[in-house]
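Notes follow once the structure below has been shown.
Protein chains get the first letters and strands the later ones, always in sequence-line order, with residue 1 at the start of each.
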Protein chains: 2
Amino acid sequence: MTGRPRDPAVDEAIRRAAVDLTEQHGYRGLSMEGIAALSGVSKQTVYRRYRSKGEVVLDALAGYAFTHLPTPDTGSLRGDLTALLTATFAGQQGVNGTLNRALAAEAVQDQAFAALLWEKLIAVRRESVRELLARGRARGEVAHPDDEFLLDLVYGPMWYRLLFDPAALTPAYAAELARSVALVAAGTRP
Amino acid sequence: MTGRPRDPAVDEAIRRAAVDLTEQHGYRGLSMEGIAALSGVSKQTVYRRYRSKGEVVLDALAGYAFTHLPTPDTGSLRGDLTALLTATFAGQQGVNGTLNRALAAEAVQDQAFAALLWEKLIAVRRESVRELLARGRARGEVAHPDDEFLLDLVYGPMWYRLLFDPAALTPAYAAELARSVALVAAGTRP
DNA sequence: ATTTCAATACGAGACGGACCGTATGTCAAC
DNA sequence: GTTGACATACGGTCCGTCTCGTATTGAAAT
């Protein structure tokens, strides 16, 4: 009934191999075969845990990447957004950005994977900002009734630039975006 | 020097095959082999014209998809944006949306292709909106100095939803986005 | 307490198949 | 007759599955 338990070290080795390979050869150069080879396990062992290389990367990223999200409290919505976005953008410059873009590429071609990505990663980030909005609303800074739309306004430009021009995600861009979102949030919807 | 000229009918057949295959089997199911087979030419003939399936799709899309972009003139920036975005969003619901998402997936993994996509498709769309902004500026509706940022505010949310949840691109969403962009555009940057 | 047994994980490898990208010929158009 | 379009053939990579033999667990039987 129970059987032999899975080796946790193997989990770690697989995720590590996926990240390393992506860093070195790009997501293009990442393959299930390569992951198995580098982590020193058989393909079967990888396929037992993940159905695709996308799921491996997603798991690796969801694990340690955004556990250390700051949830700043500067006293104003604009300040909070600036702080959060600056930190988030900075985190997208290295391997992290490459992995995020890879996930987007995967999601685009696989509806089920898109749902998984949304749940495991995107929804989490949205929740952070939703919290900032709630605090702003309590302070009377947010009159706009549609949180979902405001969240799109925050993360839309980020993904847009992340996909097509990651270098544009500077602190200045974060500040400008934060300012604009705060402005829209302050207004009611006519 | 001259040699045998390329058959224009072959060009058309290749693009058509790529679109049809993507429509039927998704971008996942699209391959250079499949394109060659369906269009009734050899792989070599396809590779002579395009280096990847992404380039085929890009060429097919750049050709006929956005030649009929409306450049509305309703008298206000908000009205113009609403009209343009409503039309654009509507055009992203069918195969067109699938093809656009496919291009994004390709761009993410290939820097050169990203540049090509930007030039052939994205820059064109940005130019349309830039025109609307210029007209708005002439009318005194636009005080914000950074057109590039405003363009990101327009297209960022669109791509974000196009990637993760295409069904969200409704006329109501277009109107809301247009309203927000107009609001930000009206303010100066402090 | 020891033995047996079912269930599961693991490493290794083989497999058919899809697709890639290229090299090698043939032939049509100038 | 030179140029380049076109078709065929080929080696290579990766996919996803399958088969072995072995190892590790818990539970049931002795």
Side-chain angles (χ1 to χ4, degrees), chain A residues 1-59 102-103 105-110 112-113 116, chain B residues 1-22 24-59 102-103 105-113 116:
Chain A
M1 216 46 160
T2 50
R4 174 178 175 177
R6 291 186 184 174
D7 186 348
V10 168
D11 290 80
E12 181 54 29
I14 289 175
R15 285 192 293 262
R16 181 53 175 265
V19 172
D20 287 356
L21 282 175
T22 303
E23 186 166 13
Q24 290 167 24
H25 308 297
Y27 190 65
R28 265 264 161 76
L30 183 66
S31 68
M32 291 295 259
E33 299 230 357
I35 293 171
L38 183 59
S39 57
V41 305
S42 75
K43 274 205 295 180
Q44 186 62 256
T45 299
V46 182
Y47 274 106
R48 187 173 292 116
R49 288 148 213 262
Y50 304 102
R51 275 174 303 184
S52 68
K53 64 178 185 174
E55 291 194 1
V56 183
V57 171
L58 175 56
D59 194 35
L103 293 177
E106 213 63 53
V108 153
Q109 287 155 310
D110 184 345
F113 187 81
L116 201 63
Chain B
M1 214 46 162
T2 51
R4 176 177 174 178
R6 290 188 184 173
D7 186 348
V10 167
D11 289 83
E12 181 54 29
I14 289 174
R15 285 191 293 263
R16 181 53 176 265
V19 173
D20 287 356
L21 282 174
T22 304
Q24 291 168 22
H25 308 297
Y27 191 64
R28 264 264 160 76
L30 183 65
S31 68
M32 291 295 259
E33 299 232 356
I35 292 170
L38 182 59
S39 58
V41 304
S42 75
K43 276 205 295 179
Q44 185 63 255
T45 299
V46 182
Y47 273 106
R48 194 186 316 284
R49 288 152 217 260
Y50 304 102
R51 275 172 303 184
S52 69
K53 64 177 185 174
E55 292 195 2
V56 183
V57 171
L58 175 56
D59 193 37
L103 293 177
E106 212 63 52
V108 154
Q109 288 155 311
D110 184 345
Q111 193 56 39
F113 187 81
L116 200 64

Hey, what are the protein-to-nucleotides 28-30 of chain D N/O distances that come in under 3.5 Å?
none

- Item | Contact list for DNA chain C against residues 28-49 of chain B - heavy-atom distance below 4.0 Å | B/Ser31, B/Met32, B/Glu33, B/Lys43, B/Gln44, B/Tyr47
- Whole-Å distance, B/Lys53 NZ to C/dA18 P, equals 16 Å
- Note on the structure: When rounded to the nearest 0.5 Å, the distance separating CG of B/Asp7 from CD of B/Glu12 is 11.0 Å
- Task: Taking side-chain hydrogen bond (donor to acceptor under 3.5 Å, both in side chains) as the test, write out the residues that go with B/Lys43, two or more places apart.
- Result: B/Glu33
- Around B/Arg51, counting heavy atoms of other residues, nucleotides and ligands shown, do more than 12 lie under 6.0 Å from its CZ? no
- Query: Taking only residues two or more places apart in sequence, or in another chain, which ones meet B/Arg6 in a salt bridge (Lys or Arg N to Asp or Glu O under 4.0 Å)?
  - Reply: none
- Message: Using the salt bridge (Lys or Arg N to Asp or Glu O under 4.0 Å) criterion, which residues pair with A/Arg48? Sequence neighbours excluded.
- Response: none
- Apply side chain to side chain contact (heavy atoms under 4.5 Å, CB included) to A/Ala102 and list each qualifying residue two or more places apart in sequence or on a separate chain. A/Tyr27
- Query: With distance as the sole criterion, do the side chain of A/Arg4 and the base of C/dA9 form a donor-acceptor contact below 3.5 Å?
  - Reply: yes
- Item | Between C1' of C/dC20 and CD of B/Glu106, the distance in whole Å | 13 Å
- Item | Interatomic distance where CZ belongs to A/Arg51 and P belongs to D/dT17 [whole Å] | 11 Å
- Message: Does a side-chain N or O of B/Arg6 approach OP1 or OP2 of D/dA5 to a distance below 4.0 Å, or not?
- Response: yes
- Note on the structure: What one should report as the nearest heavy-atom pair of B/Ala18 and B/Val56 is CB-CG1, 3.5 Å
